[in-house]
Amino acid sequence: MEALIKFVQDEFVTKKEFETFGAGDTITVFYEIKEGEKVRTQFFRGVVIQRRGSGLSETFTIRKMSGTVGVERIFPVNLPSIQKIEINKRGKVRRARIFYFRGLTGKKARITEKRR
């Protein structure tokens, strides 16, 4: 059964190629929203907390602060409505999943930028 699912995913689902990014990176995701018959582009800019899964079921979680409230959003990598992903900053973190970032506020919530 798993082989059949893998075959269908490989053959019929289009894979999207984006620049590689990981936990700690600040990215902007541009995606389409349908409101009735209108389609508009919205963006979500924040820090990547994690990437999980593999293949077509891979997802990534982004966290941003909206005022004083933290907002997280989970995007599948192969979501058809994603138009593009821009990488704003590369963050230097030691973990693949930075859930501890949720509890940090103020200056402690800063992630140092990787040197190029």
Inset, instruction - Enter the distance from K64:NZ to R73:CZ here, rounded to the nearest 0.5 Å. - result: 9.5 Å

Legend entry - Cluster check F44, I111: I/L/V/M/F/W/Y, side chain < 4.5 angstrom: no

Inset, instruction - Could you pull out the closest heavy-atom pair between V77 and F18, with the gap in Å? - result: O-CE1, 3.6 Å

Inset, instruction - Look at the side chain of D25 and the backbone N and O of R90, then say whether any donor-acceptor pair between them is shorter than 3.5 Å. - result: no

Legend entry - Geometric class of the F21/F60 ring pair [parallel <30°, tilted 30-60°, perpendicular >60°]: perpendicular

Legend entry - Interatomic distance, R102 atom CZ to I49 atom CD1 [nearest 0.5 angstrom]: 5.0 Å

Legend entry - Results of ring pair (Phe, Tyr, Trp, His ring centres under 6.0 Å) for Y31 - residues two or more places apart only: F75

Legend entry - K114, NZ: over 12 other non-hydrogen atoms inside 6.0 angstrom: no

Inset, instruction - Give the cluster check for V48 versus F101: same hydrophobic cluster or not, with ILVMFWY residues linked at side-chain heavy-atom distances below 4.5 Å. - result: no

Legend entry - Cluster overlap F43 with I33, hydrophobic side-chain contacts below 4.5 Å: no

Inset, instruction - Linking directly or through intermediates, with side-chain heavy atoms under 4.5 Å: list the remaining ILVMFWY members grouped with V39, chain and number order. - result: none

Inset, instruction - First locate atom CG of L79, then atom CD1 of I74, and finally report the distance between them rounded to the nearest 0.5 Å. - result: 12.5 Å

Legend entry - side-chain hydrogen bond (donor to acceptor under 3.5 Å, both in side chains) partners of residues 49-62, not counting sequence neighbours, each pair once: Q50-T61, Q50-R97, R51-E58

Legend entry - Verify same cluster id: V47, F99 (apolar side-chain graph, 4.5 Å): yes

Legend entry - Sequence-distant partners of E2, side-chain contact (heavy atoms from CB on, under 4.5 Å), two or more places apart: none

Legend entry - Partner set under salt bridge (Lys or Arg N to Asp or Glu O under 4.0 Å) for K84, not counting sequence neighbours: E86

Inset, instruction - Quick one: list whatever passes side-chain contact (heavy atoms from CB on, under 4.5 Å) with Y100, sequence neighbours left out. - result: V93, R95, I98, L104

Inset, instruction - Find the distance between CD1 (I85) and CZ (F30) and round it off to the nearest 0.5 Å. - result: 10.5 Å

Legend entry - Close side-chain approach of E37 and E35, heavy atoms under 4.5 Å: no

Inset, instruction - Inspect the surroundings of CZ in R94 and state if more than 12 heavy atoms from other residues, nucleotides or ligands are less than 6.0 Å away. - result: no

Inset, instruction - Identify the two heavy atoms, one from A23 and one from A96, that lie closest to each other, and give their separation to 0.1 Å. - result: CB-O, 3.2 Å

